[in-house]
Number of protein chains: 2
Amino acid sequence: MESIPFDVMDPACPSRVVLQRIGDKWTPLIVQALKDGPLRFSELRVAVGGITPKVLTQTLRALERDGLVLRKVFAEVPVRVEYRLTPLGESLLDPLNAVREWAESHADKILAARDAFDAATD
Amino acid sequence: MESIPFDVMDPACPSRVVLQRIGDKWTPLIVQALKDGPLRFSELRVAVGGITPKVLTQTLRALERDGLVLRKVFAEVPVRVEYRLTPLGESLLDPLNAVREWAESHADKILAARDAFDAATD
DNA sequence: AGTACTTGGTATCTTTTGGATACTCTGACG
DNA sequence: CGTCAGAGTATCCAAAAGATACCAAGTACT
């Protein structure tokens, strides 16, 4: 077992690019929305509240290109398109969950800090 | 212990705001750069490769406001400013590490998927 | 007295990204 | 023929990020 040759602190390292893809605004939400199985475009739109179709398309295309999500078109009418996680995408669920749980369980403390700060800066 | 009242999937939920702060482009890198103790502005600039001073300032101010980072000015000459993690900021290290390790250990797979995709889309 | 040096930033301008909203395309169906 | 559903595009505007240059305080040097 050798050491990891990637270092996110190096701006020239590919892992930096990867980190910024998975740490973008919508990726974590989309990946987690797909955790229980495939969803269609319109279902994703609802599951991930607040995303516009343009940005959803952009993000899904990026996830597809990076091998995290699979897009499958069914020749029905009206056309049906399903998005599902690849195994690589599923492997991202655990780390993402850790962050999400932190966000949900510490949100109150952050909001409190923000209020205190804003009150002090009057 | 009751269940968590926050849900990142809800665009109106405060945890969504929190998630997007900690999942922004530079926050994870800055927080991890501070994991071994305080750093000065200029040290952070080097530790987090590629960040411009403007964005570093903006991000640090946001982290300070949210109670994740503490800014301390020493009345020396030239002035010295130290940034350190608060306990709340330290609690973020574990989840962030999980994501970073994923990024570093799966970067090669993502790059491969990208190459394959781009080759297919010729 | 003038001036250079260090640190920790701002100011300004340009480019990129994100968001709102309206529209398109396809093929059944009434 | 007009309408409907699903999956997006197109267009335009606002917000954020990036590059680069500059500024302020104070001491030390000449």
Side-chain angles (χ1 to χ4, degrees), chain A residues 8-13 16-31 33-34 38-66 69-84 121, chain B residues 8-13 16-31 33-34 38-66 69-84 121:
Chain A
V8 288
M9 290 301 176
D10 177 358
C13 177
R16 173 70 76 91
V17 179
V18 170
L19 185 67
Q20 307 206 334
R21 273 236 32 65
I22 65 177
D24 95 337
K25 187 162 180 180
W26 297 107
T27 294
L29 298 174
I30 291 176
V31 170
L34 294 174
L39 289 181
R40 314 172 57 162
F41 189 85
S42 47
E43 291 170 326
L44 266 173
R45 231 174 125 174
V46 174
V48 179
I51 194 168
T52 63
K54 190 188 79 170
V55 175
L56 180 54
T57 302
Q58 283 173 355
T59 311
L60 285 170
R61 292 281 132 83
L63 290 173
E64 195 189 356
R65 182 171 113 101
D66 287 350
V69 156
L70 232 134
R71 177 173 182 272
K72 189 165 179 186
V73 182
F74 296 84
E76 304 175 358
V77 86
V79 66
R80 184 160 61 103
V81 180
E82 266 187 11
Y83 294 91
R84 71 169 67 238
T121 315
Chain B
V8 289
M9 290 300 176
D10 176 359
C13 177
R16 172 72 76 88
V17 179
V18 170
L19 185 68
Q20 306 205 335
R21 272 237 32 66
I22 67 175
D24 96 335
K25 186 163 182 180
W26 296 106
T27 294
L29 299 173
I30 292 176
V31 169
L34 293 175
L39 289 181
R40 314 173 55 163
F41 188 85
S42 47
E43 291 170 327
L44 266 173
R45 230 175 126 172
V46 175
V48 179
I51 194 168
T52 64
K54 190 188 78 169
V55 176
L56 180 54
T57 302
Q58 283 173 356
T59 311
L60 285 171
R61 292 282 131 84
L63 291 174
E64 197 190 353
R65 183 171 111 103
D66 286 349
V69 156
L70 232 133
R71 178 173 181 270
K72 188 166 179 184
V73 183
F74 295 84
E76 303 174 359
V77 87
V79 68
R80 185 160 60 102
V81 179
E82 265 187 12
Y83 293 91
R84 72 170 67 239
T121 316

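We name chains A, B, ... by the order of the sequence lines, and we start the count at 1 in each one.
- Sorted pairs that involve residues 43-53 of chain B and meet side-chain hydrogen bond (donor to acceptor under 3.5 Å, both in side chains), not counting sequence neighbours, are lacking altogether.
- For the side chain to side chain contact (heavy atoms under 4.5 Å, CB included) test, residues two or more places apart in sequence or in another chain that qualify with Pro38(B) are Glu82(B), Arg84(B).
- Counting only heavy atoms from C-beta outward, the side chains of Leu44(A) and Tyr83(A) approach each other to under 4.5 Å.
- Here Arg16(A) pairs with nothing under the salt bridge (Lys or Arg N to Asp or Glu O under 4.0 Å) rule; sequence neighbours left out.
- DNA chain D is contacted by both Thr52(B) and Val77(B); Thr52(B) maps to the nucleotide lying nearer its 5′ end (nearest heavy atom per residue).
- The side chain to side chain donor-acceptor pair (under 3.5 Å) search around Asp10(A) returns none, not counting sequence neighbours.
- With axes fitted over five pairs at each extremity, the angle between the ends of the helix from dA1(C)-dT30(D) to dG30(C)-dC1(D) is 30° (10° resolution).
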Expected rows: protein N/O vs nucleotides 4-7 of chain D N/O, under 3.5 Å:
residue	atom	partner	partner atom	Å
dG6(D)	O3'	Arg40(A)	NH2	3.0
dG6(D)	O3'	Val79(A)	O	3.1
dA7(D)	OP1	Arg40(A)	NE	3.2
dA7(D)	OP1	Arg40(A)	NH2	3.3
dA7(D)	OP1	Val81(A)	N	2.9
dA7(D)	OP2	Ser42(A)	N	3.4
dA7(D)	OP2	Ser42(A)	OG	2.8

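- Running 5' to 3' along DNA chain C, contacts with non-hydrogen atoms of chain B at under 4.0 Å begin and end at dT6(C) to dT12(C).
- Under the 4.5 Å side-chain criterion, counting only non-hydrogen atoms from C-beta, Thr27(B) is in contact with Arg21(B).
- A heavy-atom distance below 4.0 Å to DNA chain D is reached by these residues of residues 18-27 of chain B, ordered by number: Lys25(B), Trp26(B).
- Spacing between atom CZ of Phe74(A) and atom C1' of dG8(D) amounts to 17 Å, rounded to whole angstrom units.
- In this structure the side chain of Ile51(A) reaches within 4.5 angstrom of the side chain of Ile30(A), judged on heavy atoms.
- Between the P atom of dA16(D) and the CD1 atom of Ile51(B) lies a distance of 16 Å, rounded to the nearest Å.
- Here the side chains of Leu29(A) and Leu19(B) are in contact, with some heavy-atom distance below 4.5 Å.
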What pairs of donor and acceptor atoms, side-chain ones from residues 55-64 of chain B against any protein atom, are under 3.5 angstrom apart with sequence neighbours left out?
residue	atom	partner	partner atom	Å
Thr57(B)	OG1	Pro53(B)	O	2.9
Thr59(B)	OG1	Val55(B)	O	2.7

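- Atom CZ in Phe41(A) sits 9.5 Å away from atom CZ in Arg71(A) (nearest 0.5 Å).
- Across Ala47(A) and Ala33(A), no two heavy atoms sit closer than the pair CB-CB, 4.1 Å.
- For the pair Arg40(A) and Val79(A), the tightest heavy-atom approach, listed with the atom from each and the gap, is NH2-O, 4.0 Å.
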